[in-house]
Novice: 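If you scroll down you'll find the structure; I have some questions about it.
Given the structure is predicted, the values throughout are model-derived calculations rather than measurements.
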Amino acid sequence: MTTIAIVGVGLIGGSLALCFKGQPGMRVVGYSPRASSVRKYMERGVVDHATTSLKEAAEAADILFLCVPVGRLEAYLLELGQLQLRPGCIITDVGSTKASVSACAARLELGEACFIGGHPMAGSERSGVEAASAHLFENAYYVLTPQPDAPESAVERLTALLRLTKAHIVRMDAGVHDEVVGAISHLPHMIAAALVNQVRGYHAQDPIYGSLAAGGFRDITRIASADPVVWRDILLNNKQVLLRLLGDWNHEVASFARMLEQDDAEAIEASFRSAGEFRGQLPERRKGMIHSLYECYVDVPDHPGIIGSITTELGKHRVNLSNIQIIESREDVPGVLRLSFREQQDLDAATQLLESSGYAVHF
């Protein structure tokens, strides 16, 4: 029997647990310091056993996943270094920065256990164990960043286990990982936050900015609504990489400023053309660091029962609706619903179903 311990059974930890639970010869143990969370894990059937004792969970584990915020990873590693871990135990994490946690693990005396950094590049607009899904990692990249002295047998064991998630497993150096992820995820989050704060400043002087900043502006800046504590820790853990990336970004912005100052229409056009060509080559159907948004807007008449009718119809045809929001509903205007889905195929099926039922669907 292989015992897998999950420290922090939220969206990522819970989804990993669901991938492993019920597999032949595997037992999944969840840990939280809060008794209420432990009860929730068991009530939802996400794990086989749950405990508020880190010692109990860790010392029984053959493979241990640290699914906690980046800012708490080193504290947990230090605590694990004081426990009697099983010989051959593999400790891994799911943080989006790898160099700092790998360096911390390298400084510890873990006995016959070893640390292998990990990062599943998938997420959701929802959080918590309630949002956990065994399908979260399908078609996503799952990066492993083993140190040069990590036993190859341990890397192969972890890789074999993670194949149960149906993710695409790749190995890379921890430093290279932080450079790449910094550019494709961390930098965009900073830019989005900065842009929203810039418009917030204009809005303080004239509320028309907030009134008109809808639609496309909300779409391109939605990642600015990410958890501020989580992103504080991520950015500080990848500080040196991000300072270099911000320097490159400032260079790109400065080049646009020069194009405008010089009325260089040809350069502006070329910049948009090259960006569009490269973006067109990016994979559309593989999950990434910034999760895709599968949403549509539906015009509905303002009368009782209409929302229930729509959700019932979608459920009847097994279309998985992840969220629903009423945008507006007034006597003189049709109601507008925003429907969110986890997968492109659910959005496609819902669109076809709703349009065939006479609803106007917009994107």
Side-chain angles (χ1 to χ4, degrees), residues 11 14-15 18 44 122-140 166 188 192 195-196 199 203 207-226 272 275-277 279-363:
L11 170 67
S15 297
L18 289 172
R44 300 187 69 86
S124 168
E125 74 278 7
R126 301 166 66 206
S127 60
V129 69
E130 297 83 0
S133 167
H135 305 292
L136 181 67
F137 309 108
E138 287 185 17
N139 202 36
K166 299 182 180 177
L195 179 56
V196 171
V199 173
H203 173 79
I208 192 64
Y209 282 90
S211 300
L212 298 183
F217 183 83
R218 281 183 57 87
D219 289 342
I220 65 172
T221 59
R222 64 187 172 87
I223 55 177
S225 297
F272 272 92
E277 289 172 352
R279 183 178 181 276
Q281 299 168 15
L282 301 179
E284 294 185 26
R285 297 287 180 165
R286 187 176 293 281
K287 296 176 183 176
M289 280 291 299
I290 301 174
H291 65 270
S292 299
L293 202 60
Y294 305 110
E295 290 186 341
C296 66
Y297 297 85
V298 184
D299 294 341
V300 294
D302 183 17
H303 62 67
I306 188 65
I307 296 176
S309 175
I310 288 176
T311 56
T312 299
E313 190 68 13
L314 293 175
K316 190 191 305 179
H317 289 80
R318 304 184 68 79
V319 177
N320 189 12
L321 177 66
S322 67
N323 200 7
I324 184 169
Q325 180 183 3
I326 302 172
I327 304 297
E328 62 178 313
S329 181
R330 304 196 307 270
E331 287 186 9
D332 56 333
V333 209
V336 179
L337 299 181
R338 179 164 65 200
L339 306 181
S340 302
F341 305 88
R342 293 180 183 167
E343 304 289 345
Q344 181 68 49
Q345 56 263 34
D346 288 323
L347 174 58
D348 294 341
T351 301
Q352 183 177 3
L353 183 62
L354 292 170
E355 288 180 338
S356 67
S357 299
Y359 294 102
V361 181
H362 312 280
F363 299 94

Novice: Please tell me if the side chains of His135 and Lys166 come closer than 4.5 Å, counting only heavy atoms from C-beta onward.
Specialist: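 Result no, sub-4.5 Å side-chain heavy-atom pair not found.
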Novice: Can you list everything that forms a side chain to side chain contact (heavy atoms under 4.5 Å, CB included) with Glu313? Sequence neighbours excluded, please.
Specialist: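 Scan of Glu313 (side chain to side chain contact (heavy atoms under 4.5 Å, CB included), adjacent residues dropped) gives Lys316, His317, Leu353.
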Novice: Sequence neighbours left out, what passes side chain to side chain contact (heavy atoms under 4.5 Å, CB included) with Ala192? Give chain and number order.
Specialist: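 Ala192 satisfies side chain to side chain contact (heavy atoms under 4.5 Å, CB included) with Ile223, Ala224 only.
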Novice: Starting at CD1 of Ile307, measure out to CG of Leu339 and round the result to the nearest 0.5 Å.
Specialist: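 Spacing of CD1 (Ile307) from CG (Leu339) equals 9.5 Å.
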Novice: Write down the atom of Ser15, the atom of Ser133, and the distance for their closest heavy-atom approach.
Specialist: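 Taking every non-hydrogen atom into account, OG-N, 3.0 Å.
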Novice: With a 4.5 Å cut-off on side-chain heavy atoms, are Phe217 and Leu212 touching?
Specialist: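 No. Closest side-chain heavy atoms not under 4.5 Å.
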Novice: Locate the shortest heavy-atom distance separating Leu11 from Ala131; write the atom from each residue and the value.
Specialist: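 Shortest heavy-atom contact: CD1-O, 3.5 Å.
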Novice: Hey, is the main chain of Ser309 close enough, under 3.5 Å, to the side chain of Thr312 for a donor-acceptor pair?
Specialist: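 The answer is no, because no donor-acceptor pair under 3.5 Å joins these two groups.
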Novice: For a 4.5 angstrom cut-off between non-hydrogen side-chain atoms, does Leu321 reach Ile310?
Specialist: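 No. Closest side-chain heavy atoms not under 4.5 Å.
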Novice: Could you pull out the closest heavy-atom pair between Phe341 and Asn320, with the gap in Å?
Specialist: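 For Phe341 versus Asn320, the nearest heavy atoms are CD2-O, 3.3 Å.
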